[in-house]
Number of protein chains: 2
Amino acid sequence: MRGFERSLPMALMRARESVMSHFRPILAEHDLTEQQWRVLRALSANDQPCSAGHIAEQTYLLGPSLSRMLTSMEDRDLITRTASSDDARRSDIAISRAGTRLVNEIAPRSEAVYQRISDALSASELDQLYDLLERTADIGEAQS
Amino acid sequence: MRGFERSLPMALMRARESVMSHFRPILAEHDLTEQQWRVLRALSANDQPCSAGHIAEQTYLLGPSLSRMLTSMEDRDLITRTASSDDARRSDIAISRAGTRLVNEIAPRSEAVYQRISDALSASELDQLYDLLERTADIGEAQS
DNA sequence: TATTGTTATACTCTATAACTATA
DNA sequence: TATAGTTATAGAGTATAACAATA
């Protein structure tokens, strides 16, 4: 079998761990888990409020996990949930003003981490990395 | 702030999730968690028995998590633990014959997943991906 | 009858601290 | 006194199934 260094999931994990190890302390300062941050980022990227299902897809969280997280994030006033007008099963979820403030507070520290990455990888290499990662993510999308 | 598509941790996660989504069912068939598989892979890559600390480093698992996992994997006869001769605090951990058999059973299915990746990425692109991932993993290694 | 989201439940892993044995 | 590993404990996320409300 391929060596451990030639395991793509491990290589992806190592890279992610390395980046996140610089970022996790920042999140911890603000009492955010990685997963909560993913939700906040997803919501702040969307200009439109969206459904729980949509967030689950974007963030790779399961429905039940997300459901509990949304409750606690609503309690912390980081997000808002309002009944959807056209489908009463859904609720429109959006980032709150406080949530946006938190994202803006963290953003510059995040950029500092990206600065470190930019020291190691040129702009075109970073582009290339994103491209290769996207194409890896698309494997098996056509079939099944 | 950068869009969600331009988040490197998310791009890494998407790629990893995509690969693992093809692989997780195979592990589930053999009652292995992702983390247990990481330990098995690490041990099967090492020809020498090694310490728990070394495995923890290689697999990105915390000591306490690994400790419990090793106990259950020893109960399942997937690994062996023998007292180290030169340092009584350590134990030498190695993959068992049954563990090796399990790895060999899973290996061809793993290769099938790599075949899919090879359909999407050329050999040189895959090399390039590994290189970029490794350089990303090395950020901040020099300082601190 | 299918879908959206929540609740229930069991299990695994994370994370930190405290502890034991050894160096 | 420091290190390797285990145990203790609390908490968060994963995963599946069951359920409610709505479509």
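As a basis for the values below, the full set of heavy atoms in this structure was taken, side chains included, without hydrogen atoms, waters or symmetry mates. Numbers restart at 1 for each chain; the letters A, B, ... are given by sequence-line order, proteins then strands.
- Looking at heavy atoms from C-beta onward, B:E134 lies out of side-chain contact with A:E5 at the 4.5 angstrom threshold.
- Between A:V113 and A:S110, every side-chain heavy-atom pair lies at or beyond the 4.5 Å cut-off.
- Take A:Q115 and apply the side chain to side chain contact (heavy atoms under 4.5 Å, CB included) test, not counting sequence neighbours, and it matches A:S118, A:D119.
- Residues of residues 53-83 of chain B having a heavy atom closer than 4.0 Å to DNA chain D, listed by number: B:G53, B:P64, B:S67, B:R68, B:R81.
- A:F4 and B:I95 are members of different hydrophobic clusters when ILVMFWY side chains are connected at heavy-atom separations under 4.5 Å.
- For B:F23, the ring pair (Phe, Tyr, Trp, His ring centres under 6.0 Å) partners at least two apart in sequence or on another chain are B:W37.
- At a cut-off of 3.5 Å, with distance as the only test, no side-chain donor of B:D138 or B:T136 sits close to an acceptor on the other residue.
- Relative to the ring axis of B:Y60, A:R14 does not place its NZ or CZ within 45° and under 6.0 Å from the centre.
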Report each atom pair, protein N/O against N/O of nucleotides 19-22 of chain D, whose distance is under 3.5 angstrom.
unit_1	atom_1	unit_2	atom_2	d
D:dT22	O2	A:R89	NH1	3.4

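- For the 3.5 Å distance criterion, the side chains of A:D92 and A:Q48 fail to qualify, holding no donor opposite an acceptor.
- For residues 22-40 of chain B, the set of pairs meeting the salt bridge (charged side-chain N to carboxylate O under 4.0 Å, His left out) definition, not counting sequence neighbours, comprises B:R16-B:E34, B:E17-B:R24, B:R24-B:E34, B:E29-B:R109.
- B:R90 places its CZ atom 10 Å from the P atom of C:dA23, with the value rounded to the nearest Å.
- Annotation: proximity of residues 23-42 of chain B to DNA chain C (heavy atom, distance under 4.0 Å) is found for B:T33, B:Q35, numbered in ascending order.
- Salt bridge A:R90/A:D87: present, at least one basic N to carboxylate O contact under 4.0 Å.
- Note: CE (B:M13) to C1' (D:dT14) measures 12 Å, nearest angstrom.
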